[in-house]
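Just below is one structure, and these are the notes that go with it.
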Protein chains: 2
Amino acid sequence: MAQKNRLQYIILGLLNIGSKTGYDLAKAFDSDIGEFWSANHSQIYPLLKKMEQDEMITHHEIQVGQKLVKKSYDITDQGKKNFHEWLEEPSEADNSHDEFILKLYFIKDANSELLEEMVVSQLELRTDKLSHLQDQLADKFPDQASQQANYGHYCVLKHAIQRESGYVDWLKGI
Amino acid sequence: MAQKNRLQYIILGLLNIGSKTGYDLAKAFDSDIGEFWSANHSQIYPLLKKMEQDEMITHHEIQVGQKLVKKSYDITDQGKKNFHEWLEEPSEADNSHDEFILKLYFIKDANSELLEEMVVSQLELRTDKLSHLQDQLADKFPDQASQQANYGHYCVLKHAIQRESGYVDWLKGI
DNA sequence: CAAAAACATGTAATTAATTACATGTAACAA
DNA sequence: TTGTTACATGTAATTAATTACATGTTTTTG
């Protein structure tokens with residue numbers, strides 16, 4: 001395996017909401033999901049083909065206008081099973097692509113038990129990370145002189161702390 | 001071009017600070033830089049080779065112990081030029097890999113004019129984005145019912161706003 | 001009605017990135 | 001001294017992702 005192929009799960013999640021074309025899926029990355037993930041149509045169309053081979057999804061054709069036939073994709077039972085297994089897996093606290101946010105996006109029910117579990121474990125992960133960052137700050141930039149000496153690095157660390165701290169606050173509010 | 005190959009600039013930035021081995025560079029992604037970027041040694045070593053061919057860097061060998069010879073890399077004038085050109089380019093407000101943070105990390109001087117410019121343009125970009133997100137929230141989740149109906153999506157949008165808002169505050173503090 | 005924008009679907013070429021494979025040295029601690 | 005951890009450097013195989021190429025239809029707007 002080279003990567004977790006999370007795009008696959010995003011597609012499953014989106015199709016779990018309802019039937020969609022490749023174009024619809026691609027569009028989702030221009031708005032909502034684009035907030036924390038990106039994908040191009042040239043990545044989506046081949047993946048849809050592969051996912052259909054793997055029996056995660058199927059498609060039906062829709063006649064539109066005189067000539068155009070579009071493919072609308074649907075999630076299969078196997079696809080739903082895979083999607084839910086992914087949701088239940090622990091999420092890494094990656095700095096770039098945030099898998100937790102990604103999973104959260106697909107939780108509909110505010111009172112879901114899964115949501116509760118997800119938030120608790122993520123909160124643990126993030127508070128650990130925050131205290132680690134705070135240790136680093138104290139260690140590397142103990143005084144004003146050291147802060148000024150490497151201002152960019154100092155700012156970035158401050159930013160990471162603020163981000164993590166905001167993240168923790170937000171998690172607590174869920 | 002398939003991507004911006006920002007790893008190249010990170011390496012230039014790190015070598016601009018001082019001579020380093022491939023191992024040193026790889027280690028940087030376990031601590032500081034790991035906060036907002038990732039790279040493996042298997043990506044770094046081949047890239048170092050390529051960058052040396054492109055005359056961005058050179059290396060000298062260091063005898064250590066009885067047998068081991070390590071390669072310590074240095075940035076060339078051309079490399080420095082390229083690095084500074086990158087710093088001066090506008091940074092995208094990507095959601096995953098944050099190029100602005102990346103550049104900031106390499107700014108030493110708190111009173112640098114470049115820093116001032118960078119912050120101003122990034123602030124503009126980010127405030128625009130924030131207001132766009134706030135519009136989205138008002139549009140998609142106007143009442144409690146809509147928030148509950150799609151709680152995960154609501155949380156994610158709230159998170160994006162909180163993140164952007166924190167980002168803007170942090171930028172203002174630089 | 002004509003033009004433009006949005007819809008719709010793909011492939012090809014290239015580059016980026018991960019995981020796994022592969023090997024060996026040096027320093028340090030028990 | 002022996003085992004473990006950290007240092008050190010690569011390659012190979014695979015997958016992920018971007019950019020560019022390619023084409024055509026439908027809907028909307030002026």
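This is a predicted model, so every value here is computed, not measured. Just so it is clear: chains get the letters A, B, ... in the order the sequence lines come, proteins before strands, and each one is counted from 1.
- With distances taken from any side-chain atom of B:Y73 to the nucleotides C:dA8, D:dG10, D:dA20, the minimum falls on D:dG10.
- An OP1 or OP2 oxygen of C:dA17 is reached within less than 4.0 angstrom by a side-chain nitrogen or oxygen of B:Q43.
- Spacing between atom CG of B:L25 and atom C1' of D:dA8 amounts to 12 Å, rounded to whole angstrom units.
- One can place CZ of B:R6 at 17 Å from P of C:dT15, the figure rounded to the nearest angstrom.
- Judged by atom type and distance alone, B:T21 does not reach the base of D:dT9 through any side-chain donor-acceptor pair under 3.5 Å.
- Checking the phosphate oxygens (OP1, OP2) of D:dT9, no side-chain nitrogen or oxygen of B:Y23 falls inside 4.0 Å.
- In this entry the distance linking NZ of B:K50 with C1' of D:dG10 reads 18 Å, nearest Å.
- For B:K27, taking side-chain heavy atoms from C-beta onward, the closest of the listed nucleotides D:dC7, C:dT11, D:dA17 is D:dC7.
- Between the CG atom of A:L47 and the C1' atom of C:dT9 there is a distance of 15 Å, given to the nearest Å.
- Scanning residues 51-69 of chain B for heavy-atom distances under 4.0 Å to DNA chain C yields B:V64, B:G65, B:Q66, B:K67, B:L68.
- Here the side chain of A:S42 is nearest to one of C:dA20, C:dA8, D:dT19, namely D:dT19.
- Distance from the side chain of A:Y45 is smallest to C:dG10 among C:dA17, C:dG10, C:dA20.
- B:K172 meets the salt bridge (charged side-chain N to carboxylate O under 4.0 Å, His left out) test with no other residue; sequence neighbours excluded.
- Under a cut-off of 6.0 angstrom, the local environment of CD in B:Q144 is sparse, with at most 12 non-hydrogen atoms contributed by other residues, nucleotides or ligands.
- Residues that satisfy the ring pair (Phe, Tyr, Trp, His ring centres under 6.0 Å) test with B:F141, not counting sequence neighbours, are B:H153, B:Y154.
- For the pair A:D24 CG and C:dG10 P, the computed distance is 13 Å after rounding to whole Å.
- Contact between the side-chain N/O atoms of A:N40 and the OP1/OP2 oxygens of D:dA17 is not found at any separation under 4.0 Å.
- Legend: residues meeting side-chain contact (heavy atoms from CB on, under 4.5 Å) with B:E117, ordered by chain and number and at least two apart, are B:E113.
- Partners of A:S19 according to the side-chain hydrogen bond (donor to acceptor under 3.5 Å, both in side chains) rule, which considers only residues two or more places apart in sequence or in another chain, are A:S72, A:D74.
- A close approach under 4.0 Å does occur between a side-chain nitrogen or oxygen of B:K71 and OP1 or OP2 of D:dG10.
- One atom, CG of A:N5, and another, P of D:dT14, lie 17 Å apart when rounded to the nearest Å.
- Between B:K49 and D:dT11 there is a side-chain polar atom (N or O) within less than 4.0 angstrom of OP1 or OP2.
- Across its full length, the helix from C:dC1-D:dG30 to C:dA30-D:dT1 shows an angle of 50° between the axes of its 5 terminal pairs at either end, rounded to 10 degrees.
- With sequence neighbours excluded, the residues forming a side-chain hydrogen bond (donor to acceptor under 3.5 Å, both in side chains) with A:D24 are A:T21, listed by chain and number.
- With sequence neighbours left out, the side-chain hydrogen bond (donor to acceptor under 3.5 Å, both in side chains) criterion links A:S146 to A:D143.
- Between the C1' atom of D:dC7 and the NZ atom of B:K20 lies a distance of 16 Å, rounded to the nearest Å.
- Atom CD of B:E85 and atom NZ of B:K81 lie 5.0 Å apart (nearest 0.5 Å).
- Counting only residues at least two apart or on different chains, the salt bridge (Lys or Arg N to Asp or Glu O under 4.0 Å) pairs with a member in residues 47-73 of chain A are A:K50-A:D54.
- Taking CD from B:Q147 and CG from B:L137, the interatomic distance works out to 7.0 Å, rounded to the nearest 0.5 Å.
- Side-chain nitrogen and oxygen atoms of A:S38 include at least one within less than 4.0 Å of the OP1 or OP2 phosphate oxygen of D:dT18.
- Atoms NZ (A:K70) and C1' (D:dT25) sit 12 Å apart, rounded to a whole Å.
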